[in-house]
Amino acid sequence: MTGLNKVMLIGRVGREPDVYQFDDGTKKISFSLATTESYRDKSSNDWKEITEWHNVVGYRYLAERNIAKGDLLYIEGKIKSRKYNDRDGNERFITEIIADKINMVLRYQPGQSNGPAPSDHTTESTAVQSESHEDNDSTQDADDLPF
């Protein structure tokens with residue numbers, strides 16, 4: 001049996017993307033992407049957030065996308081680890097998401113916070129829960145969910 005290396009992320013661009021063009025004309029884009037998970041702490045009943053940062057890389061036509069810091073993106077791709085030598089000659093390891101698909105979900109607007117507003121979390125969470133309830137014909141209350 002073969003394996004599967006598939007990643008799907010929805011997150012905010014953390015820094016302005018770097019675009020590089022190789023000698024053969026192929027373009028490469030790289031940027032950091034923040035994904036934030038929200039959950040209610042059962043002991044304190046407060047909402048907690050955990051943010052994970054991902055290094056995203058795209059080639060060819062993906063590098064021509066108009067992506068900016070703060071944009072909310074949907075990324076599909078695979079995980080790849082590699083090693084390289086830094087400027088001092090030290091060997092470093094990096095894990096990247098090699099994108100096959102980059103879709104704009106929401107363009108960042110000046111004056112908007114870099115992360116989703118608390119009301120956005122509730123809306124997104126409710127939408128995801130509604131979809132899962134419809135798919136599973138479940139009548140489970142949202143407070144009973146383990147996350």
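Atom set for the values below is all heavy atoms of this structure, side chains included, hydrogens, waters and symmetry mates excluded. Note that the structure is predicted; figures quoted are calculated from it, not measured. Sequence positions, counted from 1, serve as the residue numbers for this chain.
The shortest distance between side-chain heavy atoms of I97 and M8 does not fall below 4.5 Å. Residues T26 and Q21 have side chains not in contact (no heavy-atom distance under 4.5 Å, counting atoms from C-beta outward). Looking at V7 and I75, their side chains never come closer than 4.5 Å, going by heavy atoms from C-beta outward. Between I29 and I67 there is a side-chain heavy-atom pair separated by less than 4.5 Å.
D86 pairs by the salt bridge (Lys or Arg N to Asp or Glu O under 4.0 Å) definition with R92, not counting sequence neighbours. Scanning for salt bridge (Lys or Arg N to Asp or Glu O under 4.0 Å) contacts around R65 gives an empty result, with sequence neighbours left out. With sequence neighbours left out, T35 forms a side-chain hydrogen bond (donor to acceptor under 3.5 Å, both in side chains) with H54. Y84 is linked by a ring pair (Phe, Tyr, Trp, His ring centres under 6.0 Å) to nothing, counting only residues two or more places apart in sequence or in another chain. When the side-chain contact (heavy atoms from CB on, under 4.5 Å) test is applied to D41, the partners found at least two apart in sequence or on another chain are S43, S44, K48. Applying the side-chain contact (heavy atoms from CB on, under 4.5 Å) criterion to T95, with sequence neighbours excluded, gives I79, S81.
Looking at every heavy atom in both residues, G58 comes nearest to A63 through O-CB, 4.2 Å. Scanning both residues, P17 and A68, for their nearest heavy atoms gives CD-CA, 4.3 Å. The nearest pair of heavy atoms linking S38 to E49 is OG-CG, 3.7 Å. Residue V57 comes nearest to K28 through the heavy atom pair CG1-CE, 3.7 Å, listed as atom of the first residue, atom of the second, then distance. Shown here for G14 and W53, the closest heavy-atom pair between the two residues is CA-CZ3, 3.6 Å.
Under the 4.5 Å side-chain heavy-atom criterion for Ile, Leu, Val, Met, Phe, Trp and Tyr, Y61 and L73 are members of the same hydrophobic cluster. Both L72 and Y74 are members of a single hydrophobic cluster when ILVMFWY side chains are connected at heavy-atom separations under 4.5 Å. Under a hydrophobic-cluster definition in which Ile, Leu, Val, Met, Phe, Trp and Tyr are linked whenever side-chain heavy atoms come within less than 4.5 Å, directly or via other members, V19 and Y59 are assigned to different clusters. Under a hydrophobic clustering in which Ile, Leu, Val, Met, Phe, Trp and Tyr are joined whenever their side-chain heavy atoms come within less than 4.5 Å, directly or via other members, L33 and Y20 fall into different clusters.
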Let me check something: any side-chain donor-acceptor pairs from residues 98-105 under 3.5 Å, sequence neighbours excluded? List them with distances.
none

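Here E96 does not pair with K80 in a salt bridge; the nearest charged N to carboxylate O distance is not below 4.0 Å.
Sequence neighbours left out, the pairs with a member in residues 1-10 that pass side-chain hydrogen bond (donor to acceptor under 3.5 Å, both in side chains) are K6-E76. Among pairs with a residue in residues 14-27, those fulfilling salt bridge (charged side-chain N to carboxylate O under 4.0 Å, His left out) read R15-D18, at least two apart in sequence or across chains.
Side chain of R40 to backbone of N45: a donor-acceptor contact under 3.5 angstrom is found.
Hydrophobic cluster membership for F93: none, as no Ile, Leu, Val, Met, Phe, Trp or Tyr side chain comes under 4.5 Å of it.
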Self-check item: side-chain contact (heavy atoms from CB on, under 4.5 Å) evaluation trace for E52 with L9
Solution: CA-CA 11 Å; E52 187 74 32; L9 302 169; over 6 Å; no
